> 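Dropping the structure in here first, questions after.
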Number of protein chains: 2
Amino acid sequence: MTDRLLPSSKALTIATEVRRRIVDREWRQGDRIPDEAALAVEFGVARATVNKALQLLADEGLLDRKRRAGTHVTINPARKATFTIPIVREQIEAAGMVYSHRVVAQKIRPAPAEIAARMGEPEGAAMIHLRTVHFGDAKPFQLEDRWINPRAAPGVEAVDFQRNNPNEWLVRNYPWLRGQLAFSAENADARDARLLETRQGTALLILQRTTWNDLGAITSVRLAFHPGYCMVAIP
Amino acid sequence: MTDRLLPSSKALTIATEVRRRIVDREWRQGDRIPDEAALAVEFGVARATVNKALQLLADEGLLDRKRRAGTHVTINPARKATFTIPIVREQIEAAGMVYSHRVVAQKIRPAPAEIAARMGEPEGAAMIHLRTVHFGDAKPFQLEDRWINPRAAPGVEAVDFQRNNPNEWLVRNYPWLRGQLAFSAENADARDARLLETRQGTALLILQRTTWNDLGAITSVRLAFHPGYCMVAIP
DNA sequence: GATTTTTCTATGTCTAAACTTAATCAAATT
DNA sequence: AATTTGATTAAGTTTAGACATAGAAAAATC
């Protein structure tokens, strides 16, 4: 009943035990907990091992650690959630559906003001503009509206995106250094509705993402998910 | 031009340099990179330091590491994004607005099927149901629809949620062990629209969250943000 | 009393060395 | 040919010890 899983390393065992003490309120919010040296003695391990365990909990947001001041249980634990940015095809195939995609527009165009600003590129800079629909079992799953900066991704002009999913090609060929990501909700406009085969005005989950490498902004994309889609994170 | 920031530790310096080699395509996707011992020699540090740096990049999703097989650059880097689950009051105050909240409903009620299932509690179990509107400068910012399980959070029945923001009280008093979090989009229904002072049908960003501790599900909440709200994550 | 300086301590980081473990490859066996 | 066994390798983990450093507390100064 006490141990649920077997955290195979000493550091994880200690982290789990300390987490339990916090959740079970043996150590209350704001309390100072024993220092690393003391816990090392208690658990019969080296201080470095305790350090690793407590760092983990500090990363989780459960502990506040300061030199000399010691380690305290966070008062207002603004915990973090991470989620993996999904690759559409894998996502669809993981759900047991057959993946396909259709590029409905591909054109080299000057970047409109809003996109250029988001990417930090001059307004009107030539970019590749792509609109793609991703299908699961022939039902529209996701609508992708993407701008690609050929100056940050040399060679991209020559890619046939009918065959290569643009996201996958970029991710495989141009890893990014820095990214920005935002969720929002929008009412489907006429085009969204037509491509996602839904009614205008339907609420859509929107994921807006821009990525950069050493050469500048690689790409900026707006993903509109099919109505009812739910994006799950693991905290 | 080369170093943008000063990663004050050797491990971070190495991680930054390895990340650069990947982004600059000196080490391509799928390539095997030199082993820890070799990198330790190259950078003039102990192997443990290289290990720490490479673990960091593996956590980021840039590297795949396997015993005996070595370290490879991830072929399809499904990178992760983390975002801190915000505390409404802090979020509103950080934006320079004045925070206030109003509990529009508070009642002990049997949990409806959907909520009970989500929380893993028996259908019809007595729970505290709360509906709260959070305001920034007197404008509705977020609508909170929360179910609290008094069996996992003893003492919650006695709390005056008119004075204590329910989220903050829970977070401060009952840290959770496990959580579930999902984003979606919904068209505002009549009540959403009235409480958020918008029109029915407007697309709303919905955040659904459930948390557990040793005793079971603590709370399950549906947060509806004001129209146009954007939830930003860091890499 | 207010400010600056010094001291001291708990965490942060690193090292060198050892041991553990998963997985690969090759050799031996069925 | 297929399977088992065993050696080897590279990452995973831990340890003891050391030094660095932030920053709280105490001491010294103004």
Side-chain angles (χ1 to χ4, degrees), chain A residues 3 5-19 21-22 26-75 77 80, chain B residues 3 5-19 21-22 26-75 77 80:
Chain A
D3 26 33
L5 289 169
L6 36 148
S8 45
S9 81
K10 294 190 186 182
L12 280 181
T13 307
I14 293 169
T16 302
E17 168 60 13
V18 171
R19 201 186 286 110
R21 290 186 188 177
I22 294 169
E26 290 173 25
W27 292 340
R28 302 290 188 100
Q29 325 286 108
D31 284 2
R32 175 168 178 181
I33 75 170
D35 66 33
E36 296 186 347
L39 289 174
V41 172
E42 184 196 332
F43 291 111
V45 299
R47 186 170 76 87
T49 307
V50 173
N51 181 278
K52 198 175 173 183
L54 297 187
Q55 291 244 16
L56 193 80
L57 297 177
D59 287 345
E60 276 181 23
L62 270 180
L63 295 178
D64 277 332
R65 299 165 54 75
K66 266 196 242 158
R67 280 167 158 134
R68 159 81 214 209
T71 299
H72 293 258
V73 181
T74 306
I75 306 228
K80 295 172 185 67
Chain B
D3 28 30
L5 290 169
L6 36 146
S8 44
S9 80
K10 294 189 185 181
L12 281 181
T13 307
I14 293 168
T16 303
E17 169 60 12
V18 172
R19 199 185 290 110
R21 290 184 190 178
I22 294 168
E26 290 172 25
W27 292 341
R28 301 291 187 101
Q29 324 287 106
D31 283 3
R32 175 167 178 184
I33 75 170
D35 66 32
E36 296 187 345
L39 290 174
V41 172
E42 184 196 332
F43 291 112
V45 299
R47 186 171 76 88
T49 306
V50 173
N51 181 279
K52 197 174 172 184
L54 297 189
Q55 290 242 21
L56 194 80
L57 297 178
D59 287 345
E60 278 181 22
L62 269 179
L63 294 177
D64 277 332
R65 323 191 69 217
K66 267 197 244 158
R67 282 173 158 131
R68 158 83 213 209
T71 300
H72 292 257
V73 180
T74 306
I75 307 228
K80 294 171 186 67

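Small disclaimer: the values here were computed from a predicted structure and weren't measured. In what follows, chains are A, B, ... by sequence order, proteins preceding strands, each numbered from 1.
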> Grab the CG-C1' distance between B:D35 and C:dT24 for me, whole Å please.
15 Å

> So what does A:A37 touch, heavy atoms closer than 4.0 Å: a base, only the sugar-phosphate, or nothing?
nothing

> What is the distance from CG of A:D64 to C1' of C:dG12, rounded to the nearest Å?
16 Å

> Ignoring backbone atoms, test whether B:N51 places a side-chain nitrogen or oxygen under 4.0 Å from the OP1 or OP2 oxygen of D:dG12.
yes

> Tell me whether the side-chain N or O atoms of A:R68 pair up with the base of C:dG12 as donor and acceptor below 3.5 Å, since no angle test is needed here.
no

> Out of curiosity, B:L62 CG to B:T74 OG1, how far, rounded to the nearest 0.5 Å?
6.5 Å

> Can you tell me the distance, in whole Å, between the CG atom of B:L63 and the P atom of D:dA11?
11 Å

> Without decimals, in angstroms, what is the distance between B:L39 CG and C:dC14 P?
15 Å

> Which nucleotide sits closest to the side chain of B:E36: C:dT24, D:dA11, D:dT15?
D:dA11

> State whether the distance check finds a donor on one side and an acceptor on the other, under 3.5 Å, for side chain A:R65 versus base C:dT11.
no

> Would you say that B:T49 contacts B:I14 through its side chain, given a criterion of any heavy-atom pair below 4.5 Å between the two side chains?
yes

> Between P on C:dT7 and CZ on A:R67, what's the gap in Å once rounded to a whole number?
20 Å

> Let me know the distance between CZ of A:R47 and C1' of C:dT9, rounded to the nearest Å.
11 Å

> Begin from the C-alpha positions of A:I33 and A:L54 and carry the test side chain to side chain contact (heavy atoms under 4.5 Å, CB included) through to its verdict.
CA-CA 11 Å; A:I33 75 170; A:L54 297 187; 4.3 Å; yes

> Looking at B:T71, I'd like to know whether one of its side-chain N or O atoms comes within less than 4.0 Å of OP1 or OP2 on D:dA11.
yes

> May I have the distance from A:K66 (atom NZ) to D:dA20 (atom P), rounded to whole angstrom?
24 Å

> Are the side chains of B:L12 and B:L56 in contact, using a 4.5 Å heavy-atom criterion?
yes

> Hey, is the side chain of B:Q55 poking within less than 4.0 Å of OP1 or OP2 on D:dT13, counting only N and O atoms?
yes

> CG of B:L63 to CZ of B:R19: how many Å apart, nearest 0.5 Å?
9.5 Å

> Measure CG/A:L54 against P/C:dT13 and give the value in whole Å, please.
13 Å

> Taking only N and O in the side chain of A:T49, is any of them less than 4.0 Å away from OP1 or OP2 of D:dT15?
yes

